[in-house]
Amino acid sequence: MRRCGEQRVSKYCANELHKIIAEEWRRESGNDGWHKRWEAALCRAYGRADDALKDKSLAPYSVRTTASVVILSACQIIAANCGDSRVVLCRGKQASPLTVDHKLDREDELARIINGGGRVVDWGCLRVEGVLSMTRAIGDHDLKPWVVSVPEVTFTTRSEDDEFLILASDGLWDVLSNDDVVKLARYELRQRRKELKKDDTSSSPLCYVAEELLKIVLDALSFDNISIIIVDLKFPERRCLPRAEKRDEKQT
């Protein structure tokens with residue numbers, strides 16, 4: 001039942017969160033600049049999704065999802081994250097994380113939980129109230145007000161050296177480092193691009209790379225949710241959002 005509930009929460013966010021963000025962007029009319037406008041719109045959208053999940057007909061109170069969102073313009077990459085999913089940019093052959101996981105190994109998150117009256121229990125790893133190793137999530141209303149749904153938002157100016165983005169849940173990052181993932185993905189993507197030039201009927205190179213990463217993680221016996229999205233920043237005419245996943249409970 002719990003796993004079924006997690007699937008319902010993640011699917012709700014996958015189906016609705018982008019619509020809510022668009023509504024909040026149109027509604028926001030602050031005069032503090034577009035950075036502040038996006039931050040406000042994203043925070044309100046995550047909050048609305050979290051509030052919607054107070055309805056127990058959608059999901060039990062005790063389940064949750066992480067949520068990573070990327071908004072691309074011609075000159076900016078806007079990344080929002082809540083939980084321990086992660087967004088990583090490949091820039092000039094290097095891995096550049098655009099989000100920081102919301103975990104109790106972060107001093108600021110640990111202090112926020114404790115100062116707010118929450119308990120942190122060490123059961124093999126640190127957990128909020130002895131239950132959850134994340135400090136932020138959409139849902140899990142049993143652990144409010146400590147586990148909040150407020151995303152952290154980053155702004156990155158695009159560069160000609162940018163190759164691709166990877167959005168993935170912790171099932172990938174628990175097994176492979178940022179550098180390893182980018183190195184593997186970059187090699188496979190370049191190989192597939194060469195093949196695509198020879199045969200335009202080939203399947204998307206991004207889909208292939210996501211599937212290859214999934215195979216590596218499964219071979220490494222990752223037991224957590226695995227969702228992987230790759231966004232090509234070099235070939236906008238071929239851009240798509242392929243996803244490889246073992247289970248879809250967490251990544252949005």
Side-chain angles (χ1 to χ4, degrees), residues 13-14 17-18 21 25 34-35 38-39 41-43 45-46 66-103 105-106 134 136 150-193 196 204-214 216-217 222 225-245 250-252:
C13 288
L17 186 54
H18 63 289
I21 291 170
W25 169 255
W34 63 271
H35 281 75
W38 271 118
E39 286 180 353
L42 285 161
C43 287
Y46 275 63
T66 66
S68 295
V69 170
V70 167
I71 300 162
L72 288 174
S73 73
C75 60
Q76 284 286 322
I77 304 171
I78 305 171
N81 185 60
C82 175
D84 58 4
S85 292
R86 192 179 307 164
V87 181
V88 176
L89 167 68
C90 175
R91 169 174 287 180
K93 304 180 183 180
Q94 302 299 315
S96 177
L98 303 187
T99 62
V100 181
D101 300 356
H102 293 122
K103 306 280 280 187
D105 58 5
R106 281 181 50 169
M134 294 188 302
R136 303 192 191 194
V150 180
E152 289 184 302
V153 182
T154 63
F155 299 86
T156 304
T157 301
R158 293 183 66 168
S159 163
E160 292 183 356
D161 294 328
D162 295 346
E163 289 198 36
F164 56 85
L165 288 165
I166 296 182
L167 298 81
S169 60
D170 59 338
L172 175 69
W173 308 115
D174 286 349
V175 173
L176 297 172
S177 69
N178 293 346
D179 290 336
D180 288 340
V181 169
V182 164
K183 182 178 179 180
L184 288 165
R186 187 171 183 272
Y187 172 79
E188 294 290 352
L189 186 56
R190 287 180 169 245
Q191 291 298 112
R192 295 297 291 183
R193 280 174 180 162
L196 188 62
S204 165
L206 304 182
C207 291
Y208 176 84
V209 174
E211 292 289 348
E212 287 300 301
L213 286 172
L214 178 61
I216 291 170
V217 174
S222 175
N225 309 289
I226 307 167
S227 294
I228 304 167
I229 297 174
I230 304 178
V231 182
D232 193 343
L233 300 177
K234 284 293 188 183
F235 293 89
E237 71 277 10
R238 298 188 186 277
R239 186 176 296 145
C240 64
L241 298 179
R243 170 179 290 184
E245 57 191 354
K250 296 182 69 177
Q251 177 73 19
T252 299

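Start at 1 with the first residue, then count along the sequence. What's counted below: heavy atoms across the whole structure, side chains too, no hydrogens, waters or symmetry copies.
At distances below 3.5 Å, not a single donor-acceptor pair connects side-chain atoms of Ser96 with backbone N or O atoms of Leu89. Asp174 places no side-chain N or O within 3.5 Å of a backbone atom of Gly171 that could act as its donor or acceptor partner. Within the 3.5 Å criterion, the main-chain N or O of Leu206 finds no donor-acceptor partner in the side chain of Arg192. No donor-acceptor pair under 3.5 Å is formed between the side chain of Ser68 and the backbone N or O of Val87. Between the side chain of Arg158 and the backbone N or O of Ser73, at least one donor-acceptor pair lies under 3.5 Å. Lys183 places no side-chain N or O within 3.5 Å of a backbone atom of Gln94 that could act as its donor or acceptor partner. Side-chain atoms of Ser169 come within 3.5 Å of backbone atoms of Asn225 as a donor-acceptor pair (strictly under, hydrogens ignored). Judged purely by atom type and a 3.5 angstrom limit, Asn178 has no side-chain atom pairing as donor or acceptor with the backbone of Val182.
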* To do: Please test Ile228 against Val209 for side-chain contact (heavy atoms from CB on, under 4.5 Å), starting from the C-alpha separation and ending with a verdict.
  => CA-CA 10 Å; Ile228 304 167; Val209 174; over 6 Å; no

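Under the 30°/60° scheme for interplanar angles, the aromatic rings of His35 and Phe155 are found to be tilted.
Atom CG of Leu17 and atom CG of Leu42 lie 8.5 Å apart (nearest 0.5 Å). With rounding to the nearest 0.5 angstrom, the CD1 atom of Ile226 is 12.5 Å from the CH2 atom of Trp173. Residue Glu211 holds its CD atom at 12.0 Å from CD of Glu188, rounded to the nearest 0.5 Å. The CG atom of Leu184 sits 4.5 Å away from the CD1 atom of Ile216 when rounded to the nearest 0.5 Å. Distance CG/Asp180 to CG/Leu172: 10.0 Å, rounded to 0.5 Å. The structure places CG of Leu233 at 6.0 Å from CG of Leu72, a figure rounded to the nearest 0.5 Å.
The only member of Val150, Asn81, Asp84 that meets side chain to side chain contact (heavy atoms under 4.5 Å, CB included) when paired with His102 is Asn81.
With hydrogens and angles left out, the side-chain atoms of Thr156 and Gln76 include no donor and acceptor closer than 3.5 Å.
Residues Ile71 and Trp38 are in side-chain contact: their nearest non-hydrogen atoms beyond the backbone lie under 4.5 Å apart. Residues Val69 and Ile21 meet the side-chain proximity criterion, which asks for heavy atoms closer than 4.5 Å. Within the 4.5 Å cutoff, the side chain of Asp170 has no heavy atoms near those of the Asp101 side chain.
Partners of Asp105 according to the side chain to side chain contact (heavy atoms under 4.5 Å, CB included) rule, which considers only residues two or more places apart in sequence or in another chain, are Lys103.
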